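Notes for the one structure printed next.
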2 protein chains.
Amino acid sequence: MDNSLDKRPTLKTLAEITGLGISTVSQALRDSPAIAEETRKRVKLAAQQAGYRPNRAGVRLRTGKTNVITVVLNPQDEGSGFFADFVFGISNGLAGTPYHLVVTPYSLEDPMVPIRYIVETASADGVIISRTQPNDPRVRFLLEHGVPFASHGRTSMGLEHPYFDYDNENYAYEALHKLSAKGRTCVALLGPPRDLTYNIHTNLGFERGLRDFRLTGFPLGSVDAEAPLDSIRKLATALALQKDRPDGFVVSNIAAAVALCAGMADAGLVLGRDFDVVSKHVTSLVGMLCPDIISIPENFREAGCRLAEILIAAIEGETQSELQQLAHV
Amino acid sequence: MDNSLDKRPTLKTLAEITGLGISTVSQALRDSPAIAEETRKRVKLAAQQAGYRPNRAGVRLRTGKTNVITVVLNPQDEGSGFFADFVFGISNGLAGTPYHLVVTPYSLEDPMVPIRYIVETASADGVIISRTQPNDPRVRFLLEHGVPFASHGRTSMGLEHPYFDYDNENYAYEALHKLSAKGRTCVALLGPPRDLTYNIHTNLGFERGLRDFRLTGFPLGSVDAEAPLDSIRKLATALALQKDRPDGFVVSNIAAAVALCAGMADAGLVLGRDFDVVSKHVTSLVGMLCPDIISIPENFREAGCRLAEILIAAIEGETQSELQQLAHV
DNA sequence: TTCGAGACTTGAAACGATTCAAGAAACTGC
DNA sequence: GCAGTTTCTTGAATCGTTTCAAGTCTCGAA
């Protein structure tokens, strides 16, 4: 089996090599001021040459520090492009740090299950959550138990916590700006699910845009951009046949935007001529098929990366100053 | 901070509760036959009531067992739908087991870096790799060091190891079958990158299909289905204008298929009338835009799930019997 | 010369689990 | 009644790390 390296070096190994005591070596490696400069150098050199890497289990057992960041999976993210980009981003933000990234499965019954598990077993130094709700029990729980975390999206509970968010208010506003510039007058919002905080922000921006650009809002009822694609498509077709149909759409999700376009096309309407659609995060693939969707980019990869950075800062005791960030649109 | 649970229970806690020794408790929990039946029950009950969960760091330090499965990220997977589904699948396969899933970042310079890291630091009980090559140094290295792993895709090094693979030979063959049934006669393969094993399988199936269905093969040169989408699109347009252009395409990747269709459309050709395209894994989104792409599904989620199961079996010392699986197409 | 104060270094005790040799108790057979 | 098993339980050692109290030196001041 292991032929190249007889055994992984430990502090004891280094102590033998250098002729020092184990605790000296330990402190030297962590730059304790109690250790003489020259000794520190000697130890570090030896560590380097021996290819020493601290045993995570040892550190974790002794200090409780896991060097693990956990990201909690959401069932709704399956299939969406969100998750892959997000994880790549987090992984990027963690590069060069000692943190490992573990992916925790969701629980279909109760989204608190993974959170409780993490807290109870102290299995991570920090947690990243997404799909944040205005009054989010996960946030409350993590705050209560003093477990560092960062959320993708904000809450409105009057509690301060680290987050990174896309400026969805501005997104909706800018979307209307673009539609208005295209001469559209009657606009509809196919926004985020009601239970997520960014639904509120999106609505705010939409309302403000309606006023500022003097547009008519067309209510879509209770559908949201995460509804099944074919239901969105059918809705669009039905809309298209209506007399006072909207001629502009703001959509929070590219898949929904595509379904919407398909539904309108089913009724014979042409994108860019009869109506316009603004969506977020148009991948090159969709851009190829529906080049006329107006897009305002949202970078999930950046979100993941920032969240990782923010979370690490929080773990290391940073004050709240830079721990709340809003992506400018 | 921690108000609800004063302290996490440990073996010592359980020992005090039951009035037994620590080692008795330890063995009882692991069903050692040396412990009396009645004692075992008593200990387990106490453990349950106290909400005992073994401390992972303790176990890991003592036994070397990490209870971690690592999946290695591939830079090429970014943006593709593959990764999200794959991870959801793995996560699913790990549900109910004590294994955690950690995602290891890739290294742009050298794909061996993460592998060596895992082996050197013994940071996982098992590894899942994808994008397997015929002669894959990762496979060799992991085998040499006796680290359990499972690969998504096969190798051709004459070495046995656990894998799960999609039957790409059959895929290409069936694709030609469908094209032939549509009356297509001149077909081209936009297959996987040359360096991946499944390129070989795909080619085999394609060649066999050409013979069996008496089709003419149209060579596409060195482009593959992971080439930049716009280059594929341009290629398609150029092809469309050629006199003896192919009228059927087998594509290994949905994004490439879409780009191909777009390029043909640019030249005025109509999918389903002037040519047909077979692709894998058509999401409902693409199906909505290009309903006429012929699809043969590939389930990445299942792949992840199976790989997790296979890997766990391998870790637990299963013989090679059921550790090599091929998804039937 | 002696004492105290730095300046370094180190042994021992944790952290929570498993394992092994050995102890205690009960039971066997003669 | 006693040696010899068998059955069950347990203390101690160990994994690799950090931390704390205590140790050794050296040096300067009195």
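Only a predicted model underlies this, so the values are computations on that prediction, with no experimental measurement involved. Each chain gets a letter, A, B and so on, in the order its sequence line appears, and its residues count up from 1.
- Between A:R131 and A:D136 no salt bridge is recorded (no basic side-chain N to carboxylate O distance below 4.0 Å).
- The aromatic rings of B:F83 and A:F88 stand perpendicular to each other, their planes meeting at an angle above 60°, with 30° marking the opposite boundary.
- To the nearest angstrom, C1' of C:dT9 lies 16 Å from CG of A:L14.
- When the C1' atom of C:dT19 is taken as reference, atom CD1 of B:I22 falls 13 Å away, rounded to whole Å.
- For A:R60 and D:dC15, the CZ to C1' distance is 15 Å, given to the nearest whole Å.
- Checked for salt-bridge contact, B:D165 and B:R154 meet the test: a charged N lies under 4.0 Å from a carboxylate O.
- Remark: A:E309 engages A:R306 in a salt bridge, criterion side-chain N to carboxylate O under 4.0 Å.
- For the segment residues 28-40 of chain A, residues with any heavy atom less than 4.0 angstrom from an atom of DNA chain C are, sorted by number, A:A34, A:I35, A:A36, A:T39.
- A:T63 comes within 4.0 angstrom of the backbone, heavy atoms only, and of no base.
- Here the C1' atom of nucleotide D:dT10 and the CG atom of B:L20 are 10 Å apart, to the nearest Å.
- The structure places CZ of B:F86 at 11.0 Å from CG of B:L73, a figure rounded to the nearest 0.5 Å.
- In this structure, the ring of A:H152 has its center no less than 6.0 angstrom from the ring center of A:Y198.
- Checked against C:dT19, C:dG16, D:dT17, the side chain of A:L11 finds its nearest nucleotide in D:dT17.
- Across all strands, B:G21 comes closer than 4.0 Å only to sugar-phosphate atoms, never to a base (heavy-atom distances).
- Rounded to a whole Å, the CD atom of A:Q27 is 13 Å from the P atom of C:dG11.
- For A:S23, no side-chain nitrogen or oxygen approaches OP1 or OP2 of C:dG11 to under 4.0 Å.
- Per the geometry, CG belonging to B:N55 stands 5 Å off P belonging to C:dA17, to the nearest Å.
- Atom CG in A:L61 sits about 13 Å away from atom P in D:dT19, given to the nearest Å.
- As rounded to whole Å, 13 Å separates atom P of D:dT17 from atom CG of A:N67.
- In this structure, A:T24 reaches the bases: a heavy-atom distance under 4.0 Å links it to at least one base atom across the strands shown.
- For A:Y166 and A:F300, the ring centers are positioned 6.0 Å apart or more.
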